[in-house]
Colleague: 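Handing you a structure now.
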Amino acid sequence: MQKGPGAVALEIKRLTLAHLRGVDGNTWPVHGFVVLFPGGAALVDTGVGGPQRWLDDWRVVNRSVADALEELDLTPGDVGLVINTHLHFDHCGQNAVFKHASFYVQRAELQRARIESPKLTDWFDFMNAKFELLDGDAEVLPGLQVITTPGHTVGHQSVLVDSADGLSDALVGDAAYKPRMYLDPATDDLPEGQARDLEAWRASVGRIRSAAPDRVHFCHDTEVIHS
Ligand SMILES: [Zn+2]
C-alpha cells in the first residue's frame with residue numbers, strides 16, 4: 001500500500017507488563033503496546049500499579065514497564081507520549097514512570113476516573129501531569145489515530161495504526177477483553193465488567209470492526225486476530 005503524504009513509518013511492539021487473575025478466574029496477560037515512529041515512541045497503556053492489597057486481590061505478577069521497554073532497547077525517556085485507552089488500574093498503573101510525557105486521554109474518561117477511582121488519582125493525576133484531553137476521535141500522529149469506543153467505560157478509546165508494512169492495526173484496550181467478545185458482540189455471555197453500558201459497548205465493537213483493521217490486538221489476550 002502506498003503511503004500518503006506526511007505518513008510516517010510506524011511499527012507496533014507488544015509488551016507483557018503483568019499477569020493477573022481475570023474476572024473469569026483464568027490467568028490473563030496485561031499487554032501494553034509501543035508504537036515506534038521515526039525519532040520516538042508512543043506507549044499505549046502502562047500496565048498495573050499498586051497498592052499491594054490490590055495486587056494480592058487480583059493475583060498480579062507485575063513487571064516494571066522500564067524493564068519491559070529495555071527488551072526493545074528503549075527507556076522511559078524515549079516515550080514522549082502515552083495514550084491510555086482508559087483509566088482502570090491495569091491500564092494506567094505505571095503512568096507516573098512517564099512524568100515527562102504527554103497523556104492522551106478522553107476528557108470524559110478523566111472526569112469519570114476522578115469521581116469513581118479517587119484512590120487511583122495519584123497514579124494518573126500526579127502533580128503536573130501533562131494531559132492532552134480529547135473530546136472525540138483524534139489524529140495523534142500521521143497514521144496514529146484514536147477513536148472513541150465507549151461502553152466498557154464512558155471515555156474508553158481505541159487506537160488505529162497504519163503500520164509500515166502496509167497493514168492496519170487496532171489496539172482495542174478493554175473495548176473487548178478477548179477475541180470471543182470482539183468476534184461475537186451480540187452474545188449475552190459477557191464477563192463481569194466488560195460492558196458498563198451494553199448498547200454503547202456493542203456499538204463500539206461495531207465501530208472498530210467497521211474500520212476493518214488487518215490485525216486486532218488485545219490487552220488481555222495474546223492472540224492477534226487477522227482479517
Ligand atoms: Zn478496564
Side-chain angles (χ1 to χ4, degrees), residues 10-20 22 28-37 40-50 54-55 58 60-69 71-72 74 76 78-99 101-106 109-110 112-113 117 120 123-126 129-134 138 140-141 144-153 155-161 169-178 182 193-194 204 208 213 215-224:
L10 303 177
E11 190 183 356
I12 292 174
K13 301 281 191 186
R14 178 170 56 208
L15 304 176
T16 299
L17 297 174
H19 287 85
L20 51 73
W28 292 7
V30 177
H31 293 302
F33 296 88
V34 174
V35 183
L36 295 170
F37 56 87
L43 177 63
V44 179
D45 287 344
T46 63
V48 185
W54 290 21
L55 301 182
W58 289 82
V60 175
V61 179
N62 210 8
R63 192 152 183 246
S64 100
V65 66
D67 286 351
L69 287 169
E71 284 180 3
L72 302 176
L74 294 172
D78 295 318
V79 174
L81 65 100
V82 172
I83 299 170
N84 289 119
T85 59
H86 63 304
L87 297 172
H88 278 164
F89 85 110
D90 50 336
H91 295 260
C92 67
Q94 298 185 57
N95 271 24
V97 173
F98 305 95
K99 287 202 159 76
S102 300
F103 292 88
Y104 288 73
V105 178
Q106 291 290 323
E109 181 65 6
L110 183 60
R112 179 202 66 74
S117 310
L120 295 193
W123 307 359
F124 58 75
D125 220 2
F126 46 82
K130 289 193 290 262
F131 285 112
E132 294 286 342
L133 292 178
L134 305 174
V140 176
L141 294 170
L144 174 58
Q145 193 193 350
V146 296
I147 61 168
T148 58
T149 49
H152 176 68
T153 63
H156 191 284
Q157 60 187 356
S158 299
V159 179
L160 301 177
V161 179
D169 292 274
L171 312 174
V172 304
D174 279 355
Y177 287 149
K178 299 271 172 185
Y182 179 78
Q194 174 68 94
S204 289
I208 301 166
R215 292 173 294 231
V216 180
H217 308 263
F218 299 86
C219 269
H220 296 303
D221 199 293
T222 301
E223 185 182 339
V224 178

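Numbers for residues simply follow the sequence, beginning at 1.
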Colleague: Does the side chain of Val216 reach to within under 4.5 Å of the side chain of Tyr182, using non-hydrogen atoms?
Modeller: yes
Colleague: Over all heavy atoms of both residues, which pair between Gln194 and Tyr177 is shortest? Give the atoms and the distance, please.
Modeller: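 Nearest pair, atom of Gln194 first, then Tyr177: OE1-N, 2.8 Å.
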Colleague: How many angstroms lie between atom NZ of Lys130 and atom NZ of Lys99, to the nearest 0.5 angstrom?
Modeller: 11.5 Å
Colleague: Contact between Trp54 and Val48 at the side-chain level, heavy atoms closer than 4.5 Å - yes or no?
Modeller: no
Colleague: Do His152 and His86 meet the criterion of a side-chain donor-acceptor pair at a distance under 3.5 Å?
Modeller: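 Judged by distance alone, the side chains do pair up.
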Colleague: For Asn84, which residues count as a side chain to side chain donor-acceptor pair (under 3.5 Å) partner, sequence neighbours excluded?
Modeller: Asn95
Colleague: Using modelled atom types and a 3.5 Å cut-off, is there a donor and acceptor pairing between side-chain atoms of Ser102 and backbone atoms of Leu81?
Modeller: no
Colleague: Applying side chain to side chain contact (heavy atoms under 4.5 Å, CB included) to Leu171 and Ile12, what does each step give before you reach the verdict?
Modeller: CA-CA 10 Å; Leu171 312 174; Ile12 292 174; 4.1 Å; yes
Colleague: For the residue pair Thr153 and Gln106, establish whether any side-chain heavy-atom pair is separated by less than 4.5 Å.
Modeller: no
Colleague: When you measure from the side chain of Glu132 to the backbone of Tyr104, do you find a donor-acceptor pair of N or O atoms at a distance under 3.5 Å?
Modeller: no
Colleague: Evaluate the criterion side chain to side chain contact (heavy atoms under 4.5 Å, CB included) for residue pair Val97 and Thr46; output intermediate values, then yes/no.
Modeller: CA-CA 9 Å; Val97 173; Thr46 63; over 6 Å; no
Colleague: If you define the side chain from C-beta out and look only at heavy atoms, does anything of Trp123 sit under 4.5 Å from Leu87?
Modeller: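 A side-chain contact is absent here, since even the closest heavy-atom pair is not under 4.5 Å.
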Colleague: Could you check if a side-chain atom of Leu144 sits within less than 4.5 angstrom of a side-chain atom of Leu10, using non-hydrogen atoms only?
Modeller: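 A side-chain contact exists here, since the closest heavy-atom pair is under 4.5 Å.
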Colleague: Drop me the distance from His88's NE2 to Phe124's CZ, to the nearest 0.5 angstrom.
Modeller: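 Answer for the NE2-CZ pair, His88 versus Phe124, is 10.0 Å.
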Colleague: Measure the acute angle between the ring planes of Phe89 and Trp58, then classify it against the limits of 30° and 60° as parallel, tilted or perpendicular.
Modeller: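 It falls in the tilted class, 30° to 60°.
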Colleague: Are side-chain heavy atoms of Thr149 and Val172 found at a separation under 4.5 Å?
Modeller: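 Thr149 vs Val172: side chains apart.
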Colleague: Provide the closest heavy-atom pair for Ile83 versus Val159 in the form atom of the first, atom of the second, distance.
Modeller: CG2-CG2, 3.9 Å
Colleague: To the nearest 0.5 Å, tell me how far Thr85 OG1 sits from Gln157 CD.
Modeller: 7.5 Å
Colleague: Report the distance from atom CG of Leu15 to atom CD of Glu71, rounding to the nearest 0.5 Å.
Modeller: 8.0 Å
Colleague: Side chain of Gln94, backbone of Arg63: donor and acceptor closer than 3.5 Å?
Modeller: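 Side chain of Gln94 to backbone of Arg63: a pair is present.
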Colleague: With a 4.5 Å heavy-atom cut-off, do His19 and Val60 have their side chains touching?
Modeller: no
Colleague: Does a salt bridge link Glu11 with Lys13, judged by any charged N lying under 4.0 Å from a carboxylate O?
Modeller: yes
Colleague: Answer yes if the side chains of Asp174 and His156 hold a donor-acceptor pair under 3.5 Å, and no otherwise.
Modeller: no
Colleague: Contact between Leu74 and Leu36 at the side-chain level, heavy atoms closer than 4.5 Å - yes or no?
Modeller: yes
